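Have a look at the structure below, then the notes.
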2 protein chains.
Amino acid sequence: MTQKKPTLVSLAESIGVSRQTVSNVLNAPQRVKPATRERVLKAVQESGYRPSAAARQLRTRRSMDLGLRLTPVTDGINGAVQDRFLHALTEAAQDAGYRLTLYSARDDEEEIRHIDELLHVADLDGFVLTGTHAGDPRTAWLQEHAVPFAAFGRPWSRTADPFESAHPWVDIDGAAGTESATGFLLEQGHRRIGFLGWRPDEGLGDDRRAGWRRAMEAAGSCGSLNELSAATDDDVAAGASAVDGLLARGVTALVCASDSLALGAFAQLRAVLPPEVEPAVVGFDDTPVAAAVGLSSVAPPVADAARRIIAVLSHVLAGRPAGEGPHRHQVLKPSLVVRKPYALGRTVPRRQGG
Amino acid sequence: MTQKKPTLVSLAESIGVSRQTVSNVLNAPQRVKPATRERVLKAVQESGYRPSAAARQLRTRRSMDLGLRLTPVTDGINGAVQDRFLHALTEAAQDAGYRLTLYSARDDEEEIRHIDELLHVADLDGFVLTGTHAGDPRTAWLQEHAVPFAAFGRPWSRTADPFESAHPWVDIDGAAGTESATGFLLEQGHRRIGFLGWRPDEGLGDDRRAGWRRAMEAAGSCGSLNELSAATDDDVAAGASAVDGLLARGVTALVCASDSLALGAFAQLRAVLPPEVEPAVVGFDDTPVAAAVGLSSVAPPVADAARRIIAVLSHVLAGRPAGEGPHRHQVLKPSLVVRKPYALGRTVPRRQGG
DNA sequence: CACCACAGTATGAACGTTCAAATGGGGTGT
DNA sequence: ACACCCCATTTGAACGTTCATACTGTGGTG
């Protein structure tokens, strides 16, 4: 039979001090005389005392708990990014003494309702936002209600400078990624390199297209770049069907905004090109599918991003000034992973940037 | 300026009743006279009152919070299963009024330490275990400490009947999956169908091998089946390198214990077989990689499993008798998804069983 | 020697909820 | 008329912590 859980009071009277002294030993050790501190600490160890999160939360209104929305797995291919991010975030939060609570929402409004709910009933200390986009209602709401949060993704906007934003964020430098991918294809001797991306979004997609454009212009390819660029939905089929048009315009290699698109394009090229010509396609996100098929891809450092997000957020939550501590706005350089098509299990990682 | 959060007391005196009456309206409406009930409910709506989880938890010692371990993404291919499971679990828990807290652990012992910790400090109500295996120390520990939990995966054991186990669990019928995969290949005219799996584990892997064996024996292939079966590590490279040996023994088609193995085998067959022969390989788990490459695969109903796990667990947590409510031990039939290799975007799903 | 500052420790109150028991106001039965 | 019971509602206490404040003894200072 296991004995009852010790509390501050029960523990205190078993040592012969007051509950507040025990509390101080754990929360503000410098206030307690070293001799008694030792004595109390020993008792804490032996009894296996654990403070009650509920009681502490009731009094302090802090839960040491962070919220994260789990977005529905749309594609399954790009979903792997979320998986890696989530795992790193869990570990980082755990190491920083925070717990992580999940919620699921279909759209931004539903997410806001969930945040509101969790804030009121569970006193969550902060939130991690993912998938930020232009005109994001969530950041506005959170700021208006003075809720601490950090975003994975910069605050996309045509007018405002993201580096001036009030809230902390960490993002991947998509432009740098596509730029180095384009650079890699240029090195291989390609000149007419196309870009296969999404429709204009004033955000993620435009950023990735911009990197390709920058590299192409730097290489002196000042012709009309627009005709080398295609914009479609983000799935495998769309990637495949966009290929023919680009080929007709003389494209010999492709940089893609996602692995889904890259995979579609790759398969289509395989079907269309003569067998001896190996399709030159670079994807984005370095998902398991890219690895399995032997597709080169831009690898975003999501685990690193997760750790930095927790670092910034816990800095804010600790009430420390924005001046010191980790930078409030961070852009991380992705690396390029070069593979030989179908060379299963024989990946040749190659770091660029970072 | 947002006004202060209403509490039971503040709300009660604004209506002119006692706090307990308000509490009863929310928790035991039948105790309150309909007239006052209406009055209170109206006030609750208008004020936007939300009960404090911390206070409730402190008093009742229930947190309405469930714990789940997030296992490190090993493969990236099979990790997608975890992703789908997690998402369905989050939604199901949310719908049932529970929150979901994540923790990360490297092995079973570390998980037990985390559970112990969360149990004491955060009063978690229950846990969801995944990846059960023979001699699992976690189930023993949880039972010993009378902690409510449900497992995704049956309690593998040579001696004990899983259907007699004390704790609830939901599992996928792996044997039925490989059996129908084998049946499919038999229909296609194959006779010497090999099985590519893991080393004996008295669990998941043996189960999947058993389904293949059952189908083969039923087809009258009573020769020594052992020589058609290979056991290796669970990754793409291992799958590829196991192929040659099986081919030498006259195997013309393969059922695999995972998509990783299937993918490796598939690529190797492509390299070895003449171009006009299409490799006949069926994987397991129906991961995005299988879909992308056009590999047939056994699809486990993980989302359904997640919902059923929450159903059983919340039934237990509500203190209802084991007799009524959802079955405490459930085995779910997977379905077979048939694809044409490389026919990207042109998937032909085909349901079997279930 | 009375006084004060200060470090160390102890006490009262509060956070917001639910459980257990007490109270009040109709009936209904004898 | 009285005892009785039942329903609806209220009151006291408790869950385990931390904040604010009060107490105690020691050493220094005028």
Side-chain angles (χ1 to χ4, degrees), chain A residues 3-41 43-44 47-65 97 117 119-125 319, chain B residues 3-41 43-44 47-65 97 119-125 318-319:
Chain A
Q3 59 183 347
K4 251 187 125 183
K5 269 207 285 195
T7 71
L8 272 191
V9 179
S10 78
L11 187 59
E13 66 189 19
S14 86
I15 325 180
V17 295
S18 74
R19 59 174 197 280
Q20 185 64 33
T21 299
V22 182
S23 172
N24 283 336
V25 167
L26 299 171
N27 300 317
Q30 77 285 357
R31 283 195 205 157
V32 181
K33 193 162 66 174
T36 40
R37 196 192 303 162
E38 294 300 317
R39 208 150 50 95
V40 171
L41 273 179
V44 168
S47 67
Y49 164 78
R50 305 279 171 72
S52 151
R56 174 176 287 171
Q57 178 180 341
L58 180 59
R59 183 70 242 245
T60 63
R61 330 224 84 186
R62 310 187 63 223
S63 60
M64 294 303 280
D65 202 347
E117 181 88 3
L119 220 44
H120 281 47
V121 320
D123 290 314
L124 287 213
D125 289 345
Chain B
Q3 60 185 346
K4 252 187 122 180
K5 269 207 288 194
T7 71
L8 272 190
V9 179
S10 79
L11 187 59
E13 66 189 18
S14 87
I15 325 178
V17 296
S18 74
R19 59 174 198 280
Q20 184 64 30
T21 300
V22 183
S23 173
N24 282 337
V25 167
L26 299 171
N27 299 317
Q30 76 285 359
R31 283 195 204 155
V32 181
K33 192 163 66 175
T36 40
R37 196 192 304 163
E38 294 300 318
R39 207 152 47 95
V40 170
L41 272 178
V44 167
S47 67
Y49 165 77
R50 307 278 171 72
S52 151
R56 174 174 287 171
Q57 178 180 340
L58 180 59
R59 184 69 240 243
T60 64
R61 329 224 83 185
R62 309 186 64 226
S63 60
M64 294 302 280
D65 201 348
L119 221 43
H120 280 49
V121 318
D123 289 315
L124 287 212
D125 288 346

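Not measured: the values here are computed from a predicted model. Any value given below was found using the heavy atoms of this structure, including those in side chains, with hydrogens, waters and symmetry copies removed. Chain letters run A, B, ... following the sequence lines, proteins first and then strands; every chain starts at 1.
To the nearest 0.5 Å, the span separating CZ on Arg19(B) from CG on Leu11(B) amounts to 13.5 Å. Residue Leu124(B) holds its CG atom at 5.0 Å from CG of Asp65(B), rounded to the nearest 0.5 Å. Of the inter-residue distances, the one linking Thr21(A) atom OG1 with Ile15(A) atom CD1 reads 9.0 Å to the nearest 0.5 angstrom.
If you take CZ of Arg39(B) and P of dA8(D), they are 15 Å apart, rounded to a whole angstrom.
Side-chain contact check for Asn27(B) versus Arg56(B): some heavy-atom pair is nearer than 4.5 Å.
The shortest distance between the side-chain N/O atoms of Thr21(A) and the OP1/OP2 oxygens of dA10(C) is below 4.0 Å. Between Thr36(A) and dT9(C), a side-chain N or O to OP1/OP2 separation shorter than 4.0 Å is present.
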Exercise. Indicate for each nucleotide in nucleotides 14-22 of chain C, in 5' to 3' sequence, whether protein heavy atoms under 4.0 Å reach the base (B), only the sugar-phosphate (S), or nothing (-).
Key: BBBBBB---

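In this structure, Asp123(A) contributes its side chain and Arg62(A) its backbone to no donor-acceptor pair below 3.5 Å.
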